[in-house]
Amino acid sequence: MKTLVEFISEKQADFPYASGELTRLLNDIGIAAKIVNREIKIAGLVDITGYFGQQNIQGEEQKKLDVFANKAFLSAMRHGGMVCAVASEENDEMYSYENAFSQKGKYVVAMDPLDGSSNIEVNVPIGTIFSIYRRISPSGGPGTMEDLLQPGVNQVAAGYVIYGSSTMLVYSTGNGVNGFTLDPSVGIFILSHPDMTFPEEGSIYSINEANYIYFQEGVKKYIKYCQMDDPGTNRPYTTRYIGSLVSDFHRNLIRGGIYIYPGTSKNPNGKLRLLYECNPIGFLAEQAGGKASTGFRRILEITPESLHQRVPFFVGSAEMVEKAEEFMKQYSPED
Ligand code: P6P
């Protein structure tokens with residue numbers, strides 16, 4: 001039985017510049033995850049599932065748990081002192097720590113503190129998503145937008161917490177993907193899913209087909225390909241769509257599958273945000289032998305232009321993403 005703390009410390013040697021800061025930061029994130037988990041598990045019992053009465057930049061009503069989670073992660077990272085700046089879905093602007101201790105921090109973090117929070121009221125699993133970069137700006141001063149607007153290939157670590165039937169923390173520092181399950185009786189994350197990789201063959205496709213009429217032709221054709229009864233293949237596939245990215249991705253990582261949130265005629269860049277949804281999930285997907293693209297380009301090679309930039313997102317088993325890309329190239333070629 002190996003704990004998260006033991007595992008991170010052991011793997012520290014795998015990581016260049018191994019000086020303990022990333023180890024400390026990952027542990028800070030684990031602590032905040034346990035605090036958020038506690039609140040989520042009793043959300044139905046206390047007046048915390050209601051609306052907070054404000055809207056975030058996405059124009060979405062902020063729920064109390066969104067705000068609570070954001071504060072928990074920001075506070076844990078401030079206490080740890082390893083992070084100088086944060087891009088959060090819950091903050092319209094960059095959050096730059098003002099204390100001298102944090103301004104010496106070597107890292108910046110992009111995070112969605114509570115993704116899929118609209119599912120809280122109906123007890124559907126939700127998640128935290130995080131992405132970690134080394135800062136570019138000199139240590140000792142405030143973090144900068146340049147620090148945060150790095151391409152996903154520069155991530156030194158990324159992961160998610162899924163608050164589901166059990167609470168898990170899944171992360172990678174570029175040497176594979178490992179999953180830890182929280183033992184609530186002692187409040188410790190324990191290695192339960194070592195070396196997570198996508199199964200060779202996947203047969204689950206996850207997409208909100210209610211948007212079908214707004215999809216590009218390539219997406220429509222790929223959906224029909226998934227639904228085709230083709231003897232000798234594993235099609236028709238199964239469709240599973242929870243409406244919670246972390247939950248859909250986690251299931252597809254274990255079972256094999258593809259998640260698609262494409263651009264549409266109404267929203268050409270789709271819905272998901274590059275910095276704190278597509279880049280971290282895309283990093284994990286590639287580390288697990290999968291792929292992540294816009295339908296045309298590798299997600300991790302996109303240089304962000306703004307904190308809350310949205311991109312179309314195809315992520316999952318490599319062969320399924322490649323097949324979807326073939327349909328996009330054939331039926332909806334980029335201009
Ligand atoms: P739709 C949650 O708001 C989220 O960002 C992802 O977690 C989820 O996959 C997607 O949006 C659901 O969006 O438009 O299908 O409800």
Side-chain angles (χ1 to χ4, degrees), residues 36 40 43 49 51-52 55-67 69-70 87-91 110-131 158-164 167-168 170 204-216 219-220 222-223 239-255 257-285 290 292-295 299 307-316 320-321 324:
V36 171
I40 288 173
T49 58
Y51 284 81
F52 189 67
Q55 285 198 348
N56 61 19
I57 194 169
Q58 334 291 342
E60 295 160 351
E61 281 294 324
Q62 283 188 308
K63 293 181 174 47
K64 289 178 182 175
L65 264 178
D66 278 324
V67 176
N70 197 42
S88 169
E89 189 204 29
E90 299 305 327
N91 294 83
M111 70 173 178
D112 189 346
L114 213 50
D115 181 76
S117 54
S118 58
N119 292 296
I120 294 171
E121 284 85 358
V122 295
N123 211 7
V124 163
I126 52 183
T128 296
I129 310 171
F130 62 89
S131 173
Y160 59 81
V161 183
I162 178 169
Y163 309 99
T167 294
M168 283 190 68
V170 177
I204 296 172
Y205 72 99
S206 308
I207 188 170
N208 186 344
E209 293 192 51
N211 298 321
Y212 186 85
I213 58 172
Y214 306 116
F215 288 155
Q216 296 156 294
V219 176
K220 292 179 178 177
Y222 179 67
I223 290 174
T239 183
R240 288 286 184 274
Y241 190 75
I242 299 174
S244 171
L245 169 62
V246 170
S247 305
D248 280 313
F249 178 77
H250 185 73
R251 180 206 50 247
N252 290 350
L253 173 56
I254 293 172
R255 294 273 172 81
I258 185 171
Y259 169 99
I260 303 173
Y261 208 106
T264 66
S265 51
K266 289 201 299 182
N267 300 300
N269 290 319
K271 175 182 182 182
L272 300 189
R273 279 54 58 100
L274 175 60
L275 252 65
Y276 41 77
E277 290 173 317
C278 302
N279 269 335
I281 295 295
F283 181 81
L284 291 169
S293 88
T294 62
I299 287 286
L307 294 182
H308 304 285
Q309 172 179 349
R310 299 173 194 266
V311 291
F313 197 39
F314 295 60
V315 64
M320 296 181 84
V321 173

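Start at 1 and go down the list; that is how both ligands and their atoms are numbered. Numbers here simply count residues along the sequence, with the first being 1.
Annotation for ligand 1: atoms under 4.0 Å from non-hydrogen atoms of L245 are 6 (C), 7 (O), 8 (C), 9 (O). Atoms of ligand 1 lying under 4.0 Å from any heavy atom of G116, numbered from 1 in the order shown and given with element: 2 (C). Residue-ligand proximity, Y241 to ligand 1, at heavy-atom distances under 4.0 Å covers atoms 1 (P), 9 (O), 10 (C), 12 (C), 13 (O), 15 (O).
Donor-acceptor pairing under 3.5 Å is lacking for the side chains of N279 and S131. In summary, the side chains of S206 and Y261 do not present any donor paired with an acceptor at a separation below 3.5 Å, with no hydrogens or angles considered. D66 and S117 are linked by a side-chain donor-acceptor pair at a separation below 3.5 angstrom, with hydrogens and angles left out of the test.
Assignment of G243 to the shell around ligand 1 is supported, since a heavy atom sits closer than 4.0 Å.
When all heavy atoms of I213 and K220 are compared, the closest pair comes out as O-NZ, 3.8 Å. Annotation for L274 and P280: closest pair O-CD, 4.1 Å, computed over non-hydrogen atoms.
Any N or O atom pair closer than 3.5 Å counts here, and E277 shares at least one such pair with ligand 1. Inclusion of D115 in the set of residues having an N or O under 3.5 Å from an N or O of ligand 1 is warranted.
With a heavy-atom cut-off of 4.0 Å, L272 touches ligand 1 through its side chain alone. At a heavy-atom cutoff of 4.0 Å, ligand 1 is contacted by the side chain of N208 but not by its backbone.
The closest heavy-atom contact to atom 16 (O) of ligand 1, among the options R273, R310, K271, comes from K271.
A distance-only check finds no donor-acceptor pair linking the side chain of T294 to the backbone of P312 [under 3.5 Å].
For the side chain to side chain contact (heavy atoms under 4.5 Å, CB included) with P113, the lone residue among V67, V161, N70, V36 that qualifies is N70.
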